[in-house]
There are 2 protein chains.
Amino acid sequence: MAANRRPTLADVAREVGVSAKTVSRVLNEDGPVSAQTREQVLAAVAKLGFQPNLMARNMRVGGPDTTVGLVVPDLGNPFFAAVARGIEDGVRERGLMLLMGSSADDPDRERALTAEFLARRVSILIVVPSVGSHHSHLKAHRTAGLPIVFLDRPGAGLPTDSIVSSNRAGAQDGVTHLIAHGHRRIGFVGDLPVKLYTRRERLAGYRAALREADIPYDRSLVADAHDQQGAEAATSRLLELADPPTALFAGNNIMALGIVVELARSKRKDVAVVAFDDVSLAEALEPGLTVVAQDPEEIGRSAAATALARLDGDRSRARTITVPTRLIVRGSGERPGPRP
Amino acid sequence: MAANRRPTLADVAREVGVSAKTVSRVLNEDGPVSAQTREQVLAAVAKLGFQPNLMARNMRVGGPDTTVGLVVPDLGNPFFAAVARGIEDGVRERGLMLLMGSSADDPDRERALTAEFLARRVSILIVVPSVGSHHSHLKAHRTAGLPIVFLDRPGAGLPTDSIVSSNRAGAQDGVTHLIAHGHRRIGFVGDLPVKLYTRRERLAGYRAALREADIPYDRSLVADAHDQQGAEAATSRLLELADPPTALFAGNNIMALGIVVELARSKRKDVAVVAFDDVSLAEALEPGLTVVAQDPEEIGRSAAATALARLDGDRSRARTITVPTRLIVRGSGERPGPRP
DNA sequence: ATGAAAGCGCTAACAA
DNA sequence: TTGTTAGCGCTTTCAT
């Protein structure tokens, strides 16, 4: 069967014997329409299976597209998936949908995605900026009224709203928890690149906790990895040091998976662990994995709320909203430290 | 500062002193343009910060929007997040983006989302159908050439391509594994509603395994839950039966989390477990969680590939593609069964 | 209560 | 190599 042309407003109008404008009035409950005409129009709409073309409507009306453009590093990462759900939650009642793309933390892909979103005239742009990406080219759009929100990390080259977790304080809490249980040699397994905002902030929190306890910072206890496998290897390397750590701090959820898996594989039950960001099954481990939990859905909802406020005319200064983290103690931070 | 009108093609043309069509030619690398004109146009584009309006372009060209409409029950579920990534992977090189929405397994919301997608003239529609949703209203669109793919579950009322896991065989493998290790009273914790396709298929696999081993089917060993907390409660109830199960089979990833967490909390190390769908940290548990792993990204890529083939004119009969599952033995299925 | 004409921003199909 | 005209499907404006 050949691909039929989809019916248009004009087709419906012709079917009923009225003008296109009348059909439009019925569908948008615009001007006055007689009950009978309305009936006939609705019948024809149903008969032809007409569905108004939103692109055409949007274009004529001149307003933005009713979508939220969202760029995340990886759609498959549970953290960003939860963030996306939070955003969707926050904008659904305003009738906005999510237009999404993964940047893989590549500035070029991020830029291509944002360009595409802009070309589509999204109502809101929400971006988890990649390391090395600049956003000065977005300035004109922001000035023109497009709400732009940076998420998880602040953006470079453009003063605008950002939503971040309390990375530094949260990491400090987590590491302090380890110190309180007698640990003085604490490894840090962070993601890459090292310039990544969250990585730096969390490392700063780690160092602040050490400083607070008068423990010297030992660079050799800081390891890096790109992914879970890398974190497993990093964990293994740290534990093979001449003077190895008795505890490990995971810089994010993926690093946490690597650390925990490697410790399980090597049956190292003597190493304490605290992770930044919660992971599923954390409470089912033995002992339970102590984490500095983020609230990704709240981050998403907060981004949505901020952007919607801008859409509604809020012209106040750009703010950075910090979503608090919460230390959830489950036991893994209390594993025996070095003998006193 | 007032919201400035965004520059249009005509603005650029005026700036340079050429016609709109010429600008269009430069931007789309369409017809021939003199090097000098091209330079000037590009300069003006940069100067004005012009970005072509994709909606207008699409409309004029008459083609569909370069988006994939995707409806999933829950964006935050790692399984669907991974599926989404697979789809994105599969369509990116064709220049398609993801337009997403969560249905919460509510047929009305699913319908609202698909209607919105249709109104937006998506190039492809991919849906995880809710229980009770019907899709006969999509028939005309499919006939008109819109590729429609059902994912994870087949759709009702419309013969079209579907991508599913080998639910029945996979579940049978998992339960057979438990039986091979001496278990005869095996509980099944499935999600709701009970009419859900995946739930029914996996339960059928469970029953097939029992039948194969001449173990009578005991309805009291089948429990249901909506979410992780529900699965925890269901696990607890099963274990309190007069003649309790010595092993449990989880109907999906969320049920698995509930079972594992509840067993850890009640320190029941004597209960064997196999889960349908892999979860992170499964290998770090003690013993590792044996699972029937799905391949969500492959499901997504497969859906993308199927839809793209349809877009390219494939008019063959609707097929159902079954993505194989794989039993990953990690130990939890081998916990001691009843004494012989 | 309804319709005709114009135009949103862009490109196809022609000319020149 | 470039411009002109028309029109995608819809809504606005102004008539009737």
Side-chain angles (χ1 to χ4, degrees), chain A residues 3-42 44-45 48-66 116 118-123 141 144, chain B residues 3-42 44-45 48-66 116 118-123 141 144:
Chain A
N4 288 313
R5 197 176 53 80
R6 271 191 245 251
T8 74
L9 237 169
D11 295 326
V12 177
R14 200 172 310 115
E15 175 84 13
V16 182
V18 295
S19 80
K21 177 63 208 176
T22 300
V23 178
S24 168
R25 272 198 268 260
V26 171
L27 266 50
N28 299 311
E29 304 188 338
D30 200 12
V33 186
S34 81
Q36 180 179 344
T37 312
R38 147 181 247 88
E39 295 286 310
Q40 291 177 306
V41 168
L42 258 28
V45 165
L48 300 181
F50 168 74
Q51 297 216 228
N53 184 327
L54 224 57
M55 289 196 292
R57 170 174 220 290
N58 266 331
M59 202 176 96
R60 175 63 246 228
V61 172
D65 190 17
T66 55
E116 168 99 20
L118 292 172
R120 289 176 174 282
R121 304 295 190 259
V122 295
S123 291
H141 296 273
Chain B
N4 287 315
R5 197 176 54 80
R6 271 190 245 249
T8 75
L9 216 118
D11 294 327
V12 177
R14 199 171 312 117
E15 177 84 14
V16 183
V18 296
S19 80
K21 178 66 206 176
T22 299
V23 179
S24 168
R25 274 197 267 258
V26 173
L27 266 51
N28 298 311
E29 304 189 337
D30 200 11
V33 186
S34 81
Q36 180 180 342
T37 313
R38 147 182 248 86
E39 294 286 311
Q40 291 177 307
V41 167
L42 258 27
V45 164
L48 300 181
F50 169 76
Q51 297 219 225
N53 184 328
L54 222 59
M55 291 196 289
R57 172 176 218 291
N58 267 331
M59 204 175 94
R60 172 67 245 226
V61 173
D65 190 18
T66 55
E116 168 97 20
L118 293 171
R120 289 177 174 282
R121 304 295 189 261
V122 294
S123 291
H141 297 274

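First the proteins, then the strands, lettered A, B, ... as listed; each starts at 1.
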Please determine if a side-chain N or O atom of [X] lies less than 4.0 Å away from the OP1 or OP2 oxygen of [N].
X     : N     : answer
B:T22 : D:dG3 : yes
A:T37 : C:dT2 : yes
B:S34 : D:dT2 : yes

Requested in this report: I would like to know whether A:R120 and B:D65 meet salt bridge (charged side-chain N to carboxylate O under 4.0 Å, His left out); could you show each step before the answer?
Outcome: CA-CA 10 Å; A:R120 289 176 174 282; B:D65 190 18; 2.8 Å; yes
Query raised in the report: Got a donor-acceptor contact below 3.5 angstrom from the A:D11 side chain to the A:T8 backbone?
Result: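 Yes, because the side chain of A:D11 sits within donor-acceptor range (under 3.5 Å) of the backbone of A:T8.
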Query raised in the report: How far apart are the closest heavy atoms of B:P64 and B:V122, and which atoms are they?
Result: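 Closest approach of B:P64 to B:V122: CB-O, 4.1 Å.
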Query raised in the report: Could you run down nucleotides 8-16 of chain D 5' to 3' and tag each one B, S or - for protein heavy-atom contact under 4.0 Å?
Result: BBBBB----
**Report entry** Matching residue for A:D30 among A:K21, A:R25, A:R38 - test: salt bridge (charged side-chain N to carboxylate O under 4.0 Å, His left out)
**Finding:**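 By the salt bridge (charged side-chain N to carboxylate O under 4.0 Å, His left out) criterion, A:D30 pairs with just one of A:K21, A:R25, A:R38: A:K21.
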Report task. Starting from the C-alpha separation in whole Å, work towards a yes-or-no answer on side chain to side chain contact (heavy atoms under 4.5 Å, CB included) for A:Q51 and A:R6. Result -> CA-CA 8 Å; A:Q51 297 216 228; A:R6 271 191 245 251; over 6 Å; no
Report task. Report yes if some heavy atom in the side chain of B:V16 is under 4.5 Å from a heavy atom in the side chain of B:V23; otherwise report no. Result ->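 With C-beta onward as the side chain, the pair stays apart.
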Query raised in the report: Could you state the CE-P distance from A:M55 to C:dT11, rounded to the nearest angstrom?
Result: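 It is 13 Å, rounded to the nearest whole Å.
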